[in-house]
Amino acid sequence: MAMSGVTLADNVAPRMNELRLKKSQYVLLAIGDDGKQIIVKDVGERGSTYEDFVAKMSEDEPVYAAFDFTYEIDGAKRDKLLLVQWIPDGVKPRSKMLYSSSRDALHPVSEGYLPIQANDKSDLEKDEVIRRIKAHRGA
């Protein structure tokens with residue numbers, strides 16, 4: 001449970017595990033209308049592109065988004081599980097605070113994921129994500 005009191009819905013852990021097992025490409029999660037649970041909002045089929053994933057990010061709605069990101073470094077293909085905390089600048093302050101204080105609820109299902117805080121689409125550009133992965137890896 002996060003400081004905010006938000007918990008995970010029962011179907012979150014299985015969907016995140018399917019992503020880890022490469023049965024899906026991404027999982028979008030949101031805090032439900034009751035403000036008490038993080039729920040699965042959408043699951044992207046395997047083979048969905050990163051562009052498809054980024055297009056799912058709304059400028060007026062925060063989400064947590066996990067993605068199996070594939071990239072190349074020095075000609076070697078690699079992949080990294082990302083956990084994006086998408087909180088656009090235009091969101092109401094109450095929503096910003098709720099999403100920021102509820103992130104810890106995802107910790108049990110996101111071990112090994114690279115956390116990325118994103119407030120606008122430029123934070124999600126491929127080159128920026130690769131830069132963050134390299135900085136995280138120390139490469």
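Predicted, not measured: the structure shown is a model, and the values here were computed from it.
- Using a 4.5 Å heavy-atom cutoff, the side chains of S110 and R103 are in contact.
- Counting heavy atoms from C-beta outward, M57 and L28 have side chains that approach closer than 4.5 Å.
- In this structure the side chain of R15 never reaches within 4.5 angstrom of the side chain of L29, judged on heavy atoms.
- When hydrophobic clusters are built by joining Ile, Leu, Val, Met, Phe, Trp and Tyr residues whose side-chain heavy atoms come closer than 4.5 Å, directly or via intermediates, V63 is not grouped with M97.
- Within the model, atoms CG of D79 and CZ of F67 stand 10.5 Å from one another, a figure rounded to the nearest 0.5 Å.
- For the residue pair Q85 and S100, the shortest heavy atom distance occurs at NE2-CA, 3.4 Å.
- D123 has its side chain within reach of R132: a pair of non-hydrogen atoms, C-beta onward, lies under 4.5 Å apart.
- For N17 (side chain) and P14 (main-chain N/O), no donor-acceptor pair under 3.5 Å exists by modelled atom type.
- In this structure a side-chain-to-backbone donor-acceptor pair under 3.5 Å is missing from D74 to A76.
- Residues forming a side chain to side chain donor-acceptor pair (under 3.5 Å) with R78 (at least two apart in sequence, or on another chain): none.
- Cluster membership for V84 and I39, using ILVMFWY side-chain heavy atoms within less than 4.5 angstrom, is not shared.
- G35 and V6 make their closest contact through O-CG2, 3.5 Å (heavy atoms, listed as atom of the first residue, atom of the second, distance).
- Nearest heavy-atom pair, I38 versus S102, reported as atom, atom and distance to 0.1 Å: CD1-O, 3.9 Å.
- With rounding to the nearest 0.5 Å, the separation of OH in Y71 from CG in D127 is 13.5 Å.
- In terms of heavy-atom proximity, G44 sits nearest to S48 at C-OG, 3.9 Å.
- In this structure, S58 and D60 approach most closely via the heavy-atom pair OG-OD1, 2.7 Å.
- Crowding of D10 atom CG: a count of heavy atoms from other residues, nucleotides or ligands under 6.0 Å not exceeding 12.
- The shortest side-chain heavy-atom distance between E18 and V27 does not fall under the 4.5 Å cut-off.
- In this structure, K22 places its NZ atom where more than 12 heavy-atom neighbours from other residues, nucleotides or ligands lie under 6.0 Å away.
- The line from CG of D42 to OG of S24 is 10.0 Å long, rounded to the nearest 0.5 Å.
- With D68 as reference, R46 is the one residue of K23, K80, R46 to meet the salt bridge (charged side-chain N to carboxylate O under 4.0 Å, His left out) rule.
- Aromatic ring orientation, Y50 versus F69: perpendicular (interplanar angle above 60°, classes split at 30° and 60°).
- Rounded to the nearest 0.5 angstrom, I133 CD1 and K126 NZ are separated by 11.0 Å.
- Counting heavy atoms from C-beta on, the side chains of W86 and E59 come closer than 4.5 Å.
- The structure places CD1 of I87 at 12.5 Å from CD of E61, a figure rounded to the nearest 0.5 Å.
- The 12-atom threshold is exceeded at CG of D89, counting heavy atoms of other residues, nucleotides or ligands nearer than 6.0 Å.
- Side chain of Q25 to backbone of G47: a donor-acceptor contact under 3.5 angstrom is found.
- A 4.5 Å side-chain heavy-atom check between L114 and L81 finds every atom pair outside the cut-off.
- Heavy-atom contacts from other residues, nucleotides or ligands closer than 6.0 Å to CD of E128 number more than 12.
- With sequence neighbours excluded, no residue forms a side chain to side chain donor-acceptor pair (under 3.5 Å) with K96.
- Both I31 and V12 belong to a single network of hydrophobic side chains, linked directly or stepwise wherever heavy atoms of I, L, V, M, F, W or Y lie under 4.5 Å apart.
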Practice prompt. Assess whether side-chain contact (heavy atoms from CB on, under 4.5 Å) is satisfied between L19 and Y113, documenting all intermediate values.
Written response: CA-CA 11 Å; L19 178 65; Y113 286 68; 3.8 Å; yes

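- Taking the centre of each ring, Y64 and Y99 come in below the 6.0 Å mark.
- The distance from atom CG of L106 to atom CG of L83, rounded to the nearest 0.5 Å, is 6.0 Å.
- P88 and P62 get closest at one heavy-atom pair: CD-CA, 4.0 Å.
- The number of heavy-atom neighbours closer than 6.0 Å to CD of E45, taken from other residues, nucleotides and ligands shown, is 12 or below.
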